[in-house]
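The structure appears right after this line, and notes come after that.
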Amino acid sequence: MRVLGLDHGTKRVGVAISDELQVIAQPVEHLMAEPAPRLISRIKELVAERGVGMVLVGMPRNMDGTYGPAAEKAQEFVTLLQSELPVPVKTWDERLTSAQANRLMIEADVRRRKRKERVDQTAAAILLQSYLDAHGGG
């Protein structure tokens with residue numbers, strides 16, 4: 001069973017997927033957050049096409065562990081996904097995933113324009129890998 005990782009943002013949603021054994025996360029693509037029906041439709045396609053058994057959504061937290069406005073938006077997104085998808089939808093702490101993704105791409109000398117295109121899916125892969133590592137794979 002594969003896990004689909006989503007890094008939810010107001011403009012873009014990063015997408016990553018695990019392998020069948022749930023050991024390695026790979027970036028897939030980024031999707032535009034709006035319009036929401038198109039976003040949900042594409043996520044449904046990915047779940048069906050890739051044999052996804054669970055969707056993991058990054059839950060933004062403040063550095064002190066509290067939840068802010070971004071977490072409220074993410075929770076609304078999770079609730080929508082739960083009503084639309086045939087698989088479980090869970091959340092996972094995503095603190096610093098975007099910062100870590102940016103740092104990795106800078107270290108890899110990825111140009112600024114390409115970083116902007118790839119940061120969301122890279123953040124989704126970091127989020128998903130964190131979950132996979134904590135849960136010991138399949």
Side-chain angles (χ1 to χ4, degrees):
M1 172 188 86
R2 294 179 189 268
V3 178
L4 190 73
L6 302 175
D7 180 52
H8 181 260
T10 55
K11 294 184 180 178
R12 289 178 304 276
V13 175
V15 181
I17 195 161
S18 75
D19 61 331
E20 286 283 340
L21 298 176
Q22 298 180 18
V23 175
I24 298 172
Q26 294 180 299
V28 176
E29 63 185 285
H30 72 268
L31 306 170
M32 299 312 295
E34 297 293 335
R38 184 180 298 160
L39 171 64
I40 299 300
S41 176
R42 179 62 183 139
I43 293 170
K44 283 180 177 179
E45 286 174 12
L46 287 166
V47 167
E49 291 169 2
R50 305 277 185 120
V52 170
M54 184 184 89
V55 174
L56 186 73
V57 178
M59 183 57 66
R61 296 179 96 169
N62 299 322
M63 292 311 292
D64 64 3
T66 61
Y67 295 100
E72 290 176 28
K73 290 281 188 202
Q75 187 55 56
E76 289 171 12
F77 180 61
V78 167
T79 301
L80 176 60
L81 287 176
Q82 287 171 331
S83 71
E84 295 283 337
L85 297 178
V87 297
V89 179
K90 296 183 179 180
T91 61
W92 189 251
D93 186 355
E94 71 160 27
R95 274 179 281 190
L96 301 177
T97 54
S98 293
Q100 193 175 353
N102 265 312
R103 191 172 60 249
L104 283 171
M105 286 189 284
I106 288 168
E107 289 172 4
D109 205 25
V110 176
R111 293 179 187 263
R112 183 182 306 247
R113 187 166 157 213
K114 286 287 184 193
R115 276 200 313 266
K116 190 174 182 183
E117 292 173 8
R118 295 183 185 162
V119 69
D120 300 297
Q121 64 197 49
T122 303
I126 292 168
L127 163 84
L128 181 53
Q129 191 65 56
S130 163
Y131 173 85
L132 297 174
D133 291 348
H135 288 81

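Sequential numbering from 1 along the given sequence is applied to the chain's residues.
- For the pair Gln22 (side chain) and Leu132 (backbone), a donor-acceptor distance under 3.5 Å is absent.
- Hydrophobic clustering (side-chain heavy atoms under 4.5 Å, transitive across Ile, Leu, Val, Met, Phe, Trp, Tyr) keeps Val15 apart from Met54.
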- Message: What verdict does the salt bridge (charged side-chain N to carboxylate O under 4.0 Å, His left out) test give for Arg42 and Glu49, after you've listed the backbone C-alpha separation in whole Å, the side-chain angles of each residue and the deciding distance to 0.1 Å?
- Response: CA-CA 10 Å; Arg42 179 62 183 139; Glu49 291 169 2; 3.7 Å; yes
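- Residues meeting the ring-ring contact (aromatic ring centres under 6.0 Å, His included) test with Phe77, sequence neighbours left out: His8.
- At least one donor-acceptor pair closer than 3.5 Å links the side chain of Gln129 to the backbone N or O of Val23.
- Between Leu81 and Leu6, some side-chain heavy-atom pair lies under the 4.5 Å cut-off.
- In the hydrophobic clustering of ILVMFWY residues, with side-chain heavy atoms under 4.5 Å counting as a link, Leu31 and Val89 come out together.
- Atom CG of Leu46 sits about 7.5 Å away from atom CD1 of Ile43, to the nearest 0.5 Å.
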- Report the C-alpha separation of Glu34 and Leu39 in whole Å, then their side-chain angles, then the decisive distance to 0.1 Å, and conclude whether the side chain to side chain contact (heavy atoms under 4.5 Å, CB included) test is met. CA-CA 7 Å; Glu34 297 293 335; Leu39 171 64; over 6 Å; no
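- With Glu20 contributing its side chain and Met1 its backbone, the two residues share a donor-acceptor pair below 3.5 Å.
- Grouping the Ile, Leu, Val, Met, Phe, Trp and Tyr side chains by contacts below 4.5 angstrom, directly or via other members, places Val13 with Val28.
- Side chain of Arg12 to main chain of Asp120: no donor-acceptor pair is present (N/O by atom type, distance under 3.5 Å, no hydrogens or angles).
- Tracing side-chain contacts under 4.5 Å through hydrophobic residues (I, L, V, M, F, W, Y), one reaches Val47 starting from Ile17; they form part of the same cluster.
- Of the possible donor and acceptor atoms, none in the side chain of Ser130 sits under 3.5 Å from a partner among the backbone N and O of Ile126.
- Placement of Leu128 and Val55 in two distinct hydrophobic clusters is found when ILVMFWY residues are connected by side-chain heavy-atom separations under 4.5 Å, directly or transitively.
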